[in-house]
Amino acid sequence: MDVDMVIDSAPNGDASSGAASAVVPPAPTAPAVPAAPAPPPSTARFSQVSESLRLEHQFARVPLEHLKKTIRTNYRLAEKEVAAVISSVAEAADRHDAVSRDDALTQLSSLVSRLQGLKRKVQGSRAENLQTQRCRARLEHLDSAANTDKLAEWKDVRLRRILVDYMLRMSYYDTAKNLAETSKIQELVDIDVFLEAKRVIDSLQNKEVAPALVWCAENKSRLKRSKSKLEFQLRLQEFIELVRADENLRAISYARKYLAPWGATYMKELQRVVATLAFRHDTECSTYKVLFEPTQWDYLVEQFKQEFCRLFGMTNEPLLNVYLQAGLTALKTPLCYKESCSKEDPLSQEGFRKLAEPLPFSKLHHSKLVCYITKELMDHENPPLVLPNGYVYSTKALEEMANKNDGKITCPRTGEVCNFTELVKAYIS
């Protein structure tokens with residue numbers, strides 16, 4: 001859903017509006033330069049689409065990152081299997097004198113079957129094929145945006161993609177899946193990626209760190225490059241849970257095995273957590289009491305979400321919020337937060353106000369007034385007139401009212417009546 005907003009600068013008036021005119025000698029005239037022809041509508045629309053495509057970085061990158069992860073997993077599997085086969089062959093070669101011919105053939109046949117099975121797995125990886133098809137489908141979808149004849153259809157698909165993204169981030173997985181299926185855009189959304197994250201999030205909400213640690217192990221090299229603290233925080237929480245259960249010996253053993261390697265990087269945090277062995281879980285000391293609060297699990301959930309989005313190149317905020325905030329930056333003014341704010345203004349609603357909190361106020365170079373009666377812009381051709389009670393309406397609306405009521409004006413807001421001659425012209429700065 002696109003809302004195209006065109007904000008024109010209000011005219012400042014012409015020379016004839018001044019009280020007096022000065023005599024200025026005519027300036028030498030320059031040769032006329034023909035005006036550049038306006039771009040055809042199709043070119044303008046294509047330019048607009050090109051700007052929109054700059055926001056599609058996540059759309060193209062997520063399936064690519066998922067494909068790269070699957071390729072890395074298959075590579076590690078193949079490397080492990082091949083190493084095991086080579087080791088078995090070397091072992092068989094070392095004791096070939098003690099092995100009969102039939103046993104050797106059986107063992108070699110088993111190794112050949114193992115390699116053939118690995119070949120089938122690597123060549124026929126269903127996940128890899130699906131992810132490759134998804135990358136291709138998304139590139140074709142982006143390329144179709146250049147077809148201006150189907151631009152409206154392309155924008156409708158984009159709206160549905162944005163809504164699915166929002167639902168997935170808000171944990172409405174079934175609704176997101178139904179919308180994707182009914183709209184036939186399964187290859188254009190990242191449901192399986194978010195379901196992978198859901199399993200880890202659910203486990204953390206159930207106070208289990210094992211699935212999150214497995215995820216960290218699968219992405220260890222990339223997390224290390226980004227200097228992530230997620231695995232360290234998970235290990236700290238697991239240590240805290242052992243202290244909470246009064247299993248101090250297990251906690252000490254756990255700290256030696258899993259926390260000590262992090263000491264060179266996060267010594268202060270490590271010392272603080274290990275000190276809970278002395279203060280225990282029922283301590284009233286605020287420095288250590290906070291480590292046993294249930295909110296620590298909420299913090300881990302949020303930290304996982306941030307790392308997950310960073311790995312896949314996603315925005316931390318839902319795309320729907322990003323698009324809405326882009327529009328709200330043009331609408332946000334101090335008037336939006338006053339009681340007199342029009343109900344037609346989106347920022348009169350609490351939800352939009354909360355979304356616009358971190359945004360700056362819109363910078364307007366010229367004041368613009370819209371007539372309450374006609375909903376038309378008031379400018380030098382249709383100037384505003386002020387009633388005795390202070391309300392302002394356009395000249396066009398008040399002249400029509402005066403012609404119908406023998407020169408009488410009735411304020412539509414207060415009901416007060418006055419003569420047209422009592423009105424005063426207002427000037428827009």
Side-chain angles (χ1 to χ4, degrees), residues 55-74 76 125-128 130-135 137-138 160-181 183 185-238 294-323:
L55 297 173
E56 300 293 352
H57 175 76
Q58 168 180 321
F59 178 68
R61 182 176 172 182
V62 171
L64 178 61
E65 293 293 340
H66 207 202
L67 175 60
K68 287 164 62 178
K69 180 181 177 182
T70 302
I71 292 174
R72 284 194 298 269
T73 302
N74 290 341
R76 285 195 293 267
S125 174
R126 183 172 180 271
E128 192 172 323
L130 288 174
Q131 289 159 12
T132 303
Q133 174 60 29
R134 183 171 299 165
C135 291
R138 296 198 181 190
R160 294 172 187 271
R161 289 196 288 108
I162 293 172
L163 291 176
V164 171
D165 174 83
Y166 181 82
M167 293 173 186
L168 290 171
R169 291 174 185 263
M170 297 295 108
S171 301
Y172 301 126
Y173 299 102
D174 292 337
T175 306
K177 187 177 180 180
N178 290 337
L179 177 58
E181 290 176 352
S183 304
I185 57 172
Q186 294 95 322
E187 292 185 337
L188 304 181
V189 292
D190 304 304
I191 294 177
D192 53 340
V193 176
F194 279 96
L195 287 177
E196 178 184 332
K198 178 180 182 294
R199 287 190 287 271
V200 177
I201 292 171
D202 288 346
S203 67
L204 290 175
Q205 291 174 339
N206 292 329
K207 297 180 172 55
E208 299 174 5
V209 300
L213 288 172
V214 170
W215 184 86
C216 289
E218 293 173 353
N219 300 277
K220 188 169 186 176
S221 60
R222 299 181 66 197
L223 291 172
K224 186 176 180 180
R225 285 199 300 270
S226 64
K227 298 181 180 179
S228 169
K229 293 177 60 177
L230 178 60
E231 183 181 354
F232 176 63
Q233 296 292 345
L234 291 169
R235 295 293 184 187
L236 291 183
Q237 189 62 40
E238 205 161 28
T295 53
Q296 292 296 314
W297 290 100
D298 298 332
Y299 168 74
L300 288 176
V301 169
E302 290 304 316
Q303 192 171 11
F304 168 76
K305 288 180 179 179
Q306 291 179 13
E307 295 296 341
F308 185 84
C309 290
R310 184 182 294 114
L311 252 60
F312 283 98
M314 299 181 181
T315 57
N316 288 329
E317 285 287 322
L319 287 176
L320 182 61
N321 288 5
V322 174
Y323 279 92

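Values in this document were obtained by computation on a predicted structure and should not be read as measured data.
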### Query
With a cut-off of 6.0 Å (strictly less than), are more than 12 heavy atoms of other residues, nucleotides or ligands near NZ of Lys229?
yes
### Query
Does the side chain of Lys68 come within less than 4.5 Å of Leu64's, by heavy atoms?
yes
### Task
Look only at the side chain of Gln58 and the backbone of Thr315, and say whether a donor-acceptor pair between them is shorter than 3.5 Å.
yes
### Message
If you compare all heavy atoms of Leu234 against all heavy atoms of Cys216, which two are closest, and at what distance to 0.1 Å?
### Response
CD1-SG, 3.8 Å
### Query
So with a 6.0 Å cut-off around CG of Asp174, is the heavy-atom count from everything else above 12?
no
### Task
Please lay out, stage by stage, how Glu238 and Leu213 fare under the test side chain to side chain contact (heavy atoms under 4.5 Å, CB included).
CA-CA 10 Å; Glu238 205 161 28; Leu213 288 172; 3.6 Å; yes
### Task
Name all residues meeting the side-chain contact (heavy atoms from CB on, under 4.5 Å) criterion together with Tyr173; count only those two or more places apart in sequence or in a different chain, and write none if there are none.
Leu168, Ser171, Phe194, Leu195, Lys198
### Task
Mind checking the NZ-CD1 spacing from Lys69 to Ile71? Nearest 0.5 Å is all I need.
13.5 Å
### Query
So, does Ser183 use its side chain to make a donor-acceptor pair with the main chain of Ile185 at under 3.5 Å?
no
### Task
Could you check Leu311 against Leu223 for side chain to side chain contact (heavy atoms under 4.5 Å, CB included), going step by step and ending with a plain yes or no?
CA-CA 8 Å; Leu311 252 60; Leu223 291 172; 3.8 Å; yes
### Message
Nearest 0.5 angstrom please: Leu320 CG to Met167 CE, how far?
### Response
9.5 Å
### Query
Got more than 12 heavy atoms from elsewhere within 6.0 Å of CZ, Phe232?
yes
### Message
Using 0.5 Å steps for rounding, measure from the CZ atom of Phe59 to the CD1 atom of Ile162.
### Response
10.5 Å
### Query
What's the verdict on side chain to side chain contact (heavy atoms under 4.5 Å, CB included) for Ser226 and Glu307, showing C-alpha distance, side-chain angles and the deciding distance?
CA-CA 9 Å; Ser226 64; Glu307 295 296 341; 4.2 Å; yes
### Query
Arg138 side chain to Glu187 main-chain N or O, any donor-acceptor pair under 3.5 Å?
yes
### Query
Which heavy-atom pair separates Ala180 from Gln186 by the least distance, and what is that distance?
O-OE1, 3.7 Å
### Task
For residues Leu179 and Thr175, determine if any side-chain heavy atom of one lies less than 4.5 Å from a side-chain heavy atom of the other.
no
### Task
Return the minimal non-hydrogen interatomic distance between Cys135 and Leu67, and the atom names on each side.
SG-CD2, 4.3 Å
### Message
Does the plane of the ring in Trp215 sit parallel, tilted or perpendicular to the ring in Phe304? Use 30° and 60° as the thresholds.
### Response
perpendicular
#### Entry: Ion pair Asp165/Arg161, N-O distance below 4.0 Å
no
### Message
Within this structure, what is the CZ-CG distance for the pair Phe308 and Leu230, rounded to the nearest 0.5 Å?
### Response
12.0 Å
### Query
Checking salt bridge (charged side-chain N to carboxylate O under 4.0 Å, His left out) against Glu65, which of Arg134, Arg222, Arg72 comes through?
Arg222
### Val200/Leu204 under side chain to side chain contact (heavy atoms under 4.5 Å, CB included): CA gap, chis, key distance, verdict
CA-CA 6 Å; Val200 177; Leu204 290 175; 4.3 Å; yes
### Message
Closer than 4.0 angstrom, basic N to acidic O: yes or no for Lys220 and Glu231?
### Response
no
### Message
Taking side chain to side chain donor-acceptor pair (under 3.5 Å) as the definition, give me every residue that meets it alongside Gln237, ordered by chain and number, with sequence neighbours left out.
### Response
Glu241
### Closest non-hydrogen atom pair, Arg169 against Cys309
NH1-SG, 4.0 Å
### Query
Once you round to the nearest 0.5 Å, how far does CZ of Phe312 lie from CG of Asp190?
9.0 Å
### Message
For Met170 versus Pro318, what's the shortest heavy-atom pair and its separation?
### Response
CE-CG, 4.1 Å
## Note on the structure
Output for pair (Glu317 CD, Tyr166 OH), nearest 0.5 Å, gives 10.0 Å
